[in-house]
Asker: 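The structure's right below; bear with me while I get my questions together.
Computation of the quantities below employed the complete heavy-atom set of this structure, encompassing side-chain atoms and omitting hydrogens, waters and symmetry-equivalent molecules.
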Amino acid sequence: MIDLRSDTVTRPGEEMRRAMAHAEVGDDGRGDDPTVQRLEEASAERVGKEAALYVPSGTMANLLALLVYCGRGDEAVVGSESHILHHEAVGASALGGISLRSVANDERGRIDPAGLRDVIRDPATPPRTALVCLENTHNRCNGAAIPLESMRGAVEVARAAGAAVHLDGARIFNAARALETDAATIAALADSVAFCFSKGLGAPVGSVLTGPREVIDHARPLRRQLGGAMRQAGLIAAAALYALEHHVERLGEDHERAARLAGGLAALPGGVLAVASAETNIVFFEIDGALDGVEFRERLATEGVLCSGTGPQRVRMVTHLDIDDAAIDAAVSATGRVIEAMRAA
Ligand SMILES: *Cc1c(COP(=O)(O)O)cnc(C)c1O
């Protein structure tokens with residue numbers, strides 16, 4: 001199977017498994033796991049923050065930031081296409097009593113500063129806008145890498161209003177690669193930054209929340225409240241450390257393959273697909289309105305290619321560690337065959 005559903009589907013390779021097998025561990029619930037501590041230090045350093053907290057998922061990392069910066073009845077502004085709004089089961093509202101207010105993401109994931117200013121509350125009347133959340137790369141907006149200038153515009157508005165800024169940087173290293181900068185430069189624009197080891201970095205589990213030490217100190221007991229304090233977590237942290245050391249520099253390969261995929265799909269005979277340009281490792285395309293997306297995905301699966309969809313015609317394919325050039329070419333050919341068969345039917 002060529003699995004392009006997400007970069008979360010990667011499985012640990014031999015060397016990563018070896019690092020896991022030999023990890024030095026302890027009870028992290030008591031602060032005794034040296035591998036988790038090393039991972040937290042390395043993560044904070046990578047993005048230029050004071051401290052970090054290892055958590056089971058990106059969703060928990062984002063939720064912790066929301067819980068730290070917002071009290072019950074406070075409001076957080078999130079992008080209209082953000083992962084926090086669409087894919088995290090509104091934990092902030094359900095568990096934290098936090099109102100999520102959205103501001104438009106344009107098709108490239110950007111937030112217009114004037115639009116942001118419009119949704120920030122008047123300080124005289126509750127709710128208070130306590131936090132603004134940004135996302136980079138932007139998952140639902142074609143995996144776009146948001147340029148620093150664009151982020152800066154939104155950050156200035158947030159700061160002028162006295163709101164903190166959290167960056168959902170699940171794929172911050174993909175953003176850094178695409179923007180030809182480093183993750184710390186992007187992270188410097190936000191107070192706290194979450195990123196995932198389990199996406200393109202290829203670790204089996206885990207994410208991290210990074211930020212000022214007082215924020216992380218505040219997040220730690222909240223992680224316990226959420227059930228996210230783990231025990232000999234060094235076993236999985238070792239995989240994350242391995243990923244941080246070995247799989248960041250290679251992300252450019254995934255971007256090249258995504259571009260190759262997008263180019264191949266766009267060049268299918270008859271120009272049957274509307275393909276968004278691939279800025280990072282995520283490719284979205286639209287199939288013909290007369291064709292059914294569910295049927296398309298099912299037929300493609302029988303050809304040995306898995307993809308995901310976010311609308312009746314919108315298809316997503318994501319490149320990652322376990323996808324090579326041959327897999328890309330095979331995926332393009334299979335897509336061509338399926339589309340042709342569906343149009344003929
Ligand atoms: C995957 C992802 C998350 C959450 O990660 P999980 O580990 O799946 O909870 C958050 N934000 C973005 C943009 C993501 O792509």
Asker: Decide, yes or no, whether a salt bridge links R231 with D28 under the criterion of side-chain N to carboxylate O below 4.0 Å.
Answerer: no

Asker: Check whether Q313 reaches the backbone of L291 with its side chain - one donor and one acceptor, N or O, closer than 3.5 Å.
Answerer: yes

Asker: Return the CZ to CD1 distance between R314 and I287, rounded to the nearest 0.5 Å.
Answerer: 13.0 Å

Asker: Whether the side chain of S333 engages the backbone of D329 through a donor-acceptor N/O pair (distance < 3.5 Å, no angle test) should be reported.
Answerer: yes

Asker: Looking at every non-hydrogen atom in both residues, tell me the closest pair between E303 and V338 and how far apart they are.
Answerer: CG-CG2, 3.7 Å

Asker: Taking ring-ring contact (aromatic ring centres under 6.0 Å, His included) as the definition, give me every residue that meets it alongside Y242, ordered by chain and number, with sequence neighbours left out.
Answerer: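 Scan of Y242 (ring-ring contact (aromatic ring centres under 6.0 Å, His included), adjacent residues dropped) gives H246, H247.
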
Asker: In terms of side-chain geometry, is the basic nitrogen of E40 or R220 positioned less than 4.0 Å from the acidic oxygen of its partner?
Answerer: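 Result for this pair is yes, salt bridge flagged.
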
Asker: With no hydrogens and no angle check, is any side-chain donor or acceptor of N142 less than 3.5 Å from a backbone partner on A144?
Answerer: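 A pair under 3.5 Å: no.
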
Asker: So which heavy atom on S102 is nearest to which on L85, and how close?
Answerer: CB-CD2, 3.8 Å

Asker: Minimum heavy-atom separation for R223 and L64, please, with both atom names.
Answerer: N-CD2, 3.6 Å

Asker: Ion pair present between R343 and D288, side-chain N to carboxylate O less than 4.0 angstrom?
Answerer: yes

Asker: Using 4.0 Å as the upper bound for N to carboxylate O, is an ion pair formed by D106 and R108?
Answerer: no

Asker: Can you measure from CZ (R121) to CG (D74) and round to the nearest 0.5 angstrom?
Answerer: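 These two atoms lie 11.5 Å from each other.
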
Asker: So does E256 pair up with R260, basic N to acidic O under 4.0 Å?
Answerer: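 The answer is no: the pair does not qualify as a salt bridge.
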
Asker: As a test of understanding, state which of L134, I111, V119 forms a side-chain contact (heavy atoms from CB on, under 4.5 Å) with V77.
Answerer: V119

Asker: Rounded at 0.5 Å granularity, tell me how far CG in N174 sits from CG in D254.
Answerer: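 Rounded to the nearest 0.5 Å, the CG-CG separation comes out at 7.0 Å.
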
